[in-house]
Amino acid sequence: GTVAPAQEGDLTALAQVEAACFSRPWSRESLAAEWEKPGSLLLVARLEGQVAGYAGLQTVLDEGSITNVAVLPEFRRRGAARALLEELLAWGKAMDLAFLTLEVRASNAPAIALYTGLGFQEVGRRRGYYEAPREDALLLTYFY
């Protein structure tokens with residue numbers, strides 16, 4: 001597989017990934033606005049020539065926030081999320097960020113294991129952050 005910055009032609013596929021992965025998915029329009037925003041990065045993972053997943057990063061000064069990491073169910077457990085995160089960590093280092101932060105559902109053990117395995121640390125909890133279903137988010141941070 002490959003990981004590369006999203007092109008405009010990828011946005012429809014990214015919206016399909018969102019719809020397959022999240023109860024409150026971002027629309028193609030929301031993704032397009034994010035793609036065009038200064039300080040924003042969308043990375044696409046491809047497997048077998050198809051968009052398998054994507055990850056988003058927003059930066060403000062020296063702080064990075066990972067907005068989404070999503071992989072289509074049929075492509076999970078094949079390293080796409082790890083590859084996306086490793087690339088985001090490399091971008092953050094190249095941009096001289098102080099840290100990257102993200103939220104993850106408290107019940108999402110596979111994702112939490114992946115993040116902590118890459119060096120993210122739990123720094124807090126946001127009560128009732130997620131809806132459909134309502135659930136706490138763990139706040140994880142990677143310090144450079």
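Counting begins at 1 with the first residue of the sequence. Every value quoted in this text rests on a predicted model; they were computed, and no experiment measured them.
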Reported CD-to-CG distance for the pair E63 and L97, which is rounded to 0.5 angstrom: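 So the CD of E63 and the CG of L97 are separated by 9.0 Å.
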
Say you draw a straight line from CD of Q16 to CG of L11; how long is it, rounded to the nearest 0.5 Å?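 Interatomic distance, Q16 CD to L11 CG, rounded to 0.5 Å: 11.5 Å.
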
Given side chains that start at C-beta, do those of [X] and [Y] come closer than 4.5 Å, heavy atoms only?
X    : Y    : value
R126 : L139 : yes
Y54  : L43  : no
L72  : V51  : no
V44  : L14  : yes
R82  : L114 : yes
L138 : Y115 : no
E48  : R78  : yes

Residue among Y142, F99, Y144, F143 satisfying ring pair (Phe, Tyr, Trp, His ring centres under 6.0 Å) with F120: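 Of all the options given, the one that passes is Y142.
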
Could you list all the salt bridge (charged side-chain N to carboxylate O under 4.0 Å, His left out) pairs where at least one residue sits in residues 6-25, not counting sequence neighbours?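 Residue pairs passing salt bridge (charged side-chain N to carboxylate O under 4.0 Å, His left out), neighbours aside: D10-R46, R24-E131.
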
Backbone of [Y] reached by a side-chain donor or acceptor of [X] within 3.5 Å:
X    : Y    : result
T101 : L140 : yes
S23  : A132 : yes
T116 : I112 : yes

Evaluate the criterion side chain to side chain donor-acceptor pair (under 3.5 Å) for residue pair D136 and Y129; output intermediate values, then yes/no. CA-CA 5 Å; D136 290 357; Y129 178 84; over 6 Å; no

Mind running side-chain contact (heavy atoms from CB on, under 4.5 Å) on E87 and L57 for me, showing each step along the way? CA-CA 11 Å; E87 189 69 14; L57 174 67; over 6 Å; no

Which atom pair, heavy atoms only, marks the closest approach of [X] to [Y]?
X   : Y   : answer
V3  : A83 : CG2-CB, 3.8 Å
P5  : L41 : CB-CD1, 4.4 Å
R76 : C21 : NH2-SG, 3.4 Å
L47 : A80 : CD1-CB, 4.3 Å
A55 : L88 : CB-CD1, 3.7 Å
A70 : V17 : CB-CG1, 3.6 Å

Do M95 and I66 share a hydrophobic cluster, counting only Ile, Leu, Val, Met, Phe, Trp and Tyr and linking them when any side-chain heavy atoms are less than 4.5 Å apart?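 Yes, because M95 and I66 connect within a single hydrophobic cluster, where side-chain heavy atoms sit under 4.5 Å apart.
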
Hydrophobic cluster membership, W26 vs Y130, 4.5 Å side-chain cutoff: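 Unlinked, W26 and Y130 end up in two clusters.
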
Please name the residue in the list L85, L89, T59 that meets the side-chain contact (heavy atoms from CB on, under 4.5 Å) test with L100.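 Only one of L85, L89, T59 forms a side-chain contact (heavy atoms from CB on, under 4.5 Å) with L100, namely L89.
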
Give the intermediate values and the outcome of side chain to side chain donor-acceptor pair (under 3.5 Å) for residues S40 and E34. CA-CA 6 Å; S40 177; E34 189 67 20; 3.1 Å; yes

For K93, I'd like to know if atom NZ has over 12 heavy atoms of other residues, nucleotides or ligands within 6.0 Å.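 It does not: K93 NZ has 12 such atoms or fewer within range.
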
Pair E103 + R125: basic N to acidic O under 4.0 Å: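 R125 and E103: not salt-bridged.
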
